[in-house]
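These notes concern the structure reproduced below.
Counting convention: from 1, in listed order, for ligands and their atoms alike.
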Amino acid sequence: MTNALFAPLHLGEIDLPNRIVMAPMTRRRAAAGKLATALMAQYYAQRASAGLIISESIEVDPLSGLAAPTRPGLFNATQQQGWRAVTDAVHAAGGRIFAQLSHMGRGAHSSQLEAGGRVVGPSPIAATGSIYTANGPLPYEVPHALTEDEMGTVVAQYGEAARLAREAGFDGVELHGANGYLIDQFLRDASNQRDDRYGGSAERRARFLLDVIAAAKTHWPSQRIGVRVSPTNNFQGMSDSDPVSHYGLIAALLDLEGLAYLHVVEPAIQPESLPQVAPVIRQAFSGLLILAGKYDLHSAQAAIAEGRAELVAFGEPFLANPDLPERFKRGAPLNPADKATFYTQGERGYSDYPFLAD
Ligand SMILES: Cc1cc2nc3c(=O)[nH]c(=O)nc-3n(C[C@H](O)[C@H](O)[C@H](O)COP(=O)(O)O)c2cc1C
């Protein structure tokens with residue numbers, strides 16, 4: 001079983017040396033203008049031994065400039081050049097990297113959007129909790145429900161980001177349909193109560209995602225496009241009345257798209273109250289599956305050896321261990337992750353985690 005994580009795999013046209021994926025992780029180290037930096041290039045290149053790196057979530061909305069300014073974007077040529085340095089560094093180190101494309105939707109705050117920007121979502125239902133703003137923490141706002149025309153504009157933004165990702169040298173794109181971002185807001189029925197063709201049934205709630213996939217396909221072959229979902233993550237008041245059957249239907253629709261993979265975030269520790277959705281997705285989706293959520297060496301090997309997934313993504317373990325695959329191979333101890341520096345600036349807790357001594 002030790003070899004399960006180290007069996008090579010064809011991800012579409014890309015050869016992966018192992019099944020260990022670096023999970024997408026926001027680290028808030030971008031420079032003014034939402035630009036990727038040389039430090040970010042170093043951080044990702046340090047982790048190039050992953051079978052596949054998925055970048056932190058990258059904003060597609062040009063009016064999101066001030067919202068979380070240290071979260072990177074990909075909506076202009078300067079940002080594309082910043083990312084080019086990252087992909088060059090990862091490739092020079094022998095790695096492969098997909099760009100995770102995201103839109104905050106109702107998770108944004110109007111005080112942080114540029115002129116003309118608006119907090120939007122599928123339905124006028126606010127996220128729960130509060131958001132940190134210049135005036136301190138404020139409750140999330142009720143989003144403006146996107147019209148079909150406005151949805152077309154947002155879909156085009158994803159398309160443009162996908163094009164820029166290609167120009168920037170990424171190996172593919174992952175569409176962020178998880179963790180309460182805009183696509184997730186469309187997919188789940190607590191946040192999507194539309195009565196037009198973008199709401200009302202799981203198939204209709206998936207239409208926005210399918211539109212975004214179609215936009216990405218104008219710039220990438222389908223085998224270079226992945227999708228991430230989190231059927232039971234309840235972040236910011238996200239929920240769904242029947243994730244098992246709804247995500248079974250969504251996975252069946254995604255199966256027709258010829259994607260590189262489907263990436264499923266599972267609840268960290270499966271509480272009794274949360275349904276097991278990944279097995280249903282496994283049945284409905286015939287392509288490659290990535291699972292994520294508190295995996296360790298043992299549980300990841302078991303997931304692959306038992307055929308529950310082809311790949312496993314590691315978040316905190318990869319953040320803290322740039323040479324995670326080598327440590328797994330040797331059964332070496334792992335550096336603990338320092339939560340205090342997840343979202344701070346600079347090298348500390350970012351590019352200074354030690355490698356194994358040779
Ligand atoms: C610091 C941090 C930032 C994260 N940012 C993102 C993100 O940008 N996009 C995303 O889809 N998930 C994000 N996640 C979730 C991870 O991708 C992963 O699903 C989660 O950490 C569970 O995996 P783990 O238990 O191996 O860490 C983040 C997690 C952490 C710890």
Between Tyr247 and Asp240, do the side chains contain an N or O donor and an N or O acceptor separated by less than 3.5 Å?
no
Correct closest heavy-atom pair for Leu288 and Glu310 would be CA-OE1, 3.4 Å
Which residue in the set Trp220, Trp83, Tyr44 passes ring-ring contact (aromatic ring centres under 6.0 Å, His included) when paired with Phe170?
Trp83
Heavy-atom cut-off of under 4.0 Å around ligand 1: list whichever protein residues fall inside it, by chain and number.
Ala23, Pro24, Met25, Thr26, Ser57, Gln100, His176, Asn179, Arg228, Gly293, Lys294, Phe314, Gly315, Glu316, Pro317, Phe342, Tyr343
Between the main-chain N or O of Ala165 and the side-chain N or O of Gln80, is there a donor-acceptor pair closer than 3.5 Å?
no
For the residue pair Phe98 and Tyr261, does the interplanar ring angle fall in the parallel (under 30°), tilted (30 to 60°) or perpendicular (over 60°) class?
tilted
Examine the side chains of Ser49 and Glu326 and answer whether a donor and an acceptor come within less than 3.5 Å of each other.
no
